[in-house]
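What you see is a predicted model, and the numbers here were worked out from it, not measured in a lab. The residues of the chain are indexed from 1 along the displayed sequence.
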Amino acid sequence: MPDPFTIRIFVPDGDPEGVRLIDRMNWTGLGVVFPRAKWSDVRQRAEMLRTGVYILVGYTEQDDDLPTVYVGQTDDLRSRIDSHCAKKDFWDWGVVFVSNNSGGLNRAHVTWLEYALVKRATEAARCHLDNNNAPQEPGLSEAEKADTRAFLKEIVQILPLVGLRVFETPKAVAVPRAADPSIVTPPRTKRPDTIIVPAQREGFVQVFLGQNCWHAIRIAGGMLDKIKYVAGYQTHPTSAITHYAPVAAIEPYGEEGKYKLIFSEKAKAIGPIPYGDAPPGAMQGPRYTTFEKLRGATTLKDLLVRDCPEHH
C-alpha cells in the first residue's frame with residue numbers, strides 16, 4: 001500500500017486556475033504549475049532561472065482524446081520556455097520542477113528526469129509525445145541515481161493532483177472478466193449489462209477487431225460495474241450492429257473522463273442488427289441494453305426501448 005502524503009499548494013495571485021506553487025514537507029523540490037496565458041508573469045519568477053525539468057501539455061486536435069505532452073530539461077527555464085512559446089502552438093499549460101535551493105538539481109539530474117519521464121509516458125501510452133527522440137539514460141553515480149529516483153517519485157505523485165496522469169500505467173476501474181456468452185450462458189437480467197458503441201468503419205476494423213478493445217467512451221459512473229459486454233455498431237454505410245465482445249476490464253482513457261474497454265477475447269460476429277426505424281440520432285453516442293435483448297434483436301429499435309431506470 002502506498003504511503004500517505006500531504007502536499008501544499010500556494011496560489012500567489014488568488015486564482016485557483018492560475019499559477020500554483022507546489023511543495024511537500026521534507027522535499028527538496030518545488031513545482032510551478034501555470035497556464036500558458038500567465039507565462040509572461042511566471043517567467044519573471046526567480047525559479048525560472050534555475051536548472052529544472054518541465055512538461056508542456058495541450059491538444060493538437062480539438063476532438064483529440066489524448067493530450068499531447070512535451071518533456072524537456074534545461075539550465076535556463078526562462079529562455080527555453082520562451083522558445084517554446086514562440087515555436088510550439090499545441091500547449092496551453094505547463095509545469096516546472098526545480099530544486100528549492102541553489103545547490104540541488106544539476107544538469108545530469110534533470111537529464112535523467114527527462115529520460116525517466118519520457119520512458120514512463122511511452123510505456124503508459126496515455127498521451128501523444130511531442131518529443132522527436134527518446135533521450136538516452138545519462139550516467140549517474142549510484143548515490144546520484146538514488147537521489148534522483150526519489151525526486152522523480154515526488155513528481156509522479158504530484159502530477160495527478162494537478163490533472164496529469166499520462167506518466168501512470170492505467171489502473172482498471174472495473175474488472176468484469178466476462179466470458180464468451182456462447183460458451184458460458186450469462187445470467188438473465190433486466191438491468192443493462194451491455195454497452196453499444198458507434199464506430200466508423202476504419203476505426204472499427206483497426207481497433208475493435210484489430211486491437212481487441214474500444215476506447216474514448218463516456219460511461220455513466222453508475223454503469224461502470226455493470227458492463228459485461230460491448231456491441232459494435234458500424235455507422236453509415238453499414239448502419240448495423242455487427243460484432244460483440246465480452247469485457248475483461250475497463251480503464252481510464254485520456255484526461256477527459258473517458259474510458260477504454262479491454263476485451264476478454266476477440267469480437268464475434270452477430271446479426272447484423274440494422275438501424276431499421278430506430279429514432280433519429282439514436283446512435284450518436286453509447287447506449288445501454290442487455291445481452292439477452294441483443295441476442296434476440298432484429299433491429300436497433302428493439303434494443304433502445306427505455307424499460308429500466310438505468311437505460312439512459
Side-chain angles (χ1 to χ4, degrees), residues 7 9 17-24 27-39 41-43 45 47-60 64-100 104-138 148-170 252 254-256:
I7 69 168
I9 301 178
E17 299 298 322
V19 181
R20 286 159 287 167
L21 307 184
I22 301 175
D23 70 352
R24 292 178 57 172
W27 183 38
T28 60
L30 176 71
V32 183
V33 184
F34 61 94
R36 181 173 184 154
K38 291 283 188 179
W39 172 243
D41 297 327
V42 175
R43 69 183 303 279
R45 297 188 62 89
E47 296 91 350
M48 298 304 119
L49 297 176
R50 298 178 190 169
T51 297
V53 62
Y54 61 92
I55 304 161
L56 307 178
V57 187
Y59 288 85
T60 52
D64 206 344
D65 294 302
L66 295 180
T68 294
V69 165
Y70 181 84
V71 181
Q73 51 78 25
T74 179
D75 285 330
D76 182 352
L77 287 161
R78 178 185 296 174
S79 296
R80 183 64 59 83
I81 298 178
D82 276 346
S83 173
H84 292 323
C85 276
K87 297 178 181 179
K88 291 186 181 294
D89 293 329
F90 78 88
W91 67 282
D92 51 34
W93 68 279
V95 55
V96 165
F97 290 97
V98 297
S99 174
N100 59 17
L105 295 175
N106 60 34
R107 187 60 178 268
H109 296 147
V110 296
T111 301
W112 189 91
L113 288 170
E114 177 193 40
Y115 152 78
L117 287 168
V118 169
K119 183 172 184 290
R120 288 178 69 102
T122 302
E123 292 172 350
R126 300 180 73 172
C127 68
H128 305 299
L129 270 173
D130 192 60
N131 297 66
N132 292 326
N133 300 302
Q136 299 298 308
E137 182 176 8
T148 314
R149 283 186 186 277
F151 198 97
L152 175 67
K153 180 181 177 182
E154 306 283 357
I155 289 175
V156 297
Q157 285 182 328
I158 286 171
L159 287 173
L161 301 178
V162 298
L164 190 62
R165 298 172 177 81
V166 301
F167 302 102
E168 296 181 325
T169 300
E255 303 287 329
E256 303 295 326

- Answer whether the closest heavy-atom distance between the side chains of H84 and W91 falls below 4.5 Å. yes

- Query: Can you find a pair of side-chain heavy atoms, one from V53 and one from I155, that are under 4.5 Å apart?
  - Reply: yes

- Query: Out of C127, P67, P160, which residue meets the side-chain contact (heavy atoms from CB on, under 4.5 Å) rule with E255?
  - Reply: P67

- For residues F97 and L105, report the shortest heavy-atom separation together with the two atoms involved. O-CD1, 4.3 Å

- Message: Using the rule side-chain contact (heavy atoms from CB on, under 4.5 Å), only one of L152, V166, V69 pairs with L117; which is it?
- Response: L152

- Message: Quick check for you: to the nearest 0.5 Å, what is the distance between D64 atom CG and H128 atom NE2?
- Response: 3.5 Å

- Message: So which atom in R36 and which in F90 form the shortest heavy-atom distance, rounded to 0.1 Å?
- Response: NH1-N, 4.5 Å

- Side chain proximity check, Y115 to Q136, heavy atoms < 4.5 angstrom: no

- N100 side chain reached by D23 side chain, heavy atoms, under 4.5 Å: no

- Less than 4.5 Å apart, any side-chain heavy atom of D41 and any of F34? no

- Test side chain to side chain contact (heavy atoms under 4.5 Å, CB included) applied to T122 and K119, step by step: CA-CA 5 Å; T122 302; K119 183 172 184 290; 5.8 Å; no

- Task: Check whether any side-chain heavy atom of W27 sits under 4.5 Å from a side-chain heavy atom of Q157, and report yes or no.
- Result: no

- Item | CG on L164 to CD1 on I55, rounded to 0.5 Å | 6.0 Å

- Would you sort out whether V32 and V19 count as a side chain to side chain contact (heavy atoms under 4.5 Å, CB included), showing the intermediate values? CA-CA 7 Å; V32 183; V19 181; 4.2 Å; yes

- Query: Do you know the tightest heavy-atom contact between G254 and R126?
  - Reply: O-NH2, 4.2 Å

- In this structure, CZ of R120 is separated from CD of E168 (nearest 0.5 Å) by 7.5 Å

- Item | Non-hydrogen side-chain atoms of L113 and T148 separated by less than 4.5 Å | yes

- Kindly determine whether K88 and Y70 satisfy side chain to side chain contact (heavy atoms under 4.5 Å, CB included), including the steps that lead there. CA-CA 10 Å; K88 291 186 181 294; Y70 181 84; 3.9 Å; yes

- Message: Quick one about Q73 and R107 (side-chain donor to acceptor, distance below 3.5 Å, no hydrogens or angles considered), yes or no?
- Response: yes

- Task: Measure the CG-CG distance between D76 and L49 for me, rounded to the nearest 0.5 Å.
- Result: 6.0 Å

- Message: Test your reading of the model: is there a side-chain donor-acceptor pair from R78 to the backbone of R43, 3.5 Å cut-off?
- Response: yes

- Atom pair CG/OG1 of L77 and T51 - distance to nearest 0.5 Å: 7.5 Å

- Item | Distance-only side-chain donor-acceptor flag, W39 / D82, under 3.5 Å | yes

- Task: Using a 4.5 Å cut-off on heavy atoms from C-beta on, say whether the side chain of I81 contacts that of V96.
- Result: yes

- Task: Quick one: closest heavy-atom pair of W93 and V162, and the distance?
- Result: CH2-O, 3.8 Å

- What heavy-atom pair brings N131 and E114 nearest, and what distance separates the two atoms? ND2-OE2, 4.4 Å

- Note on the structure: Rounding to 0.5 Å, atoms SG (C85) and CZ (R80) come to a distance of 13.5 Å

- Task: Return the minimal non-hydrogen interatomic distance between V98 and G52, and the atom names on each side.
- Result: CG1-CA, 4.1 Å

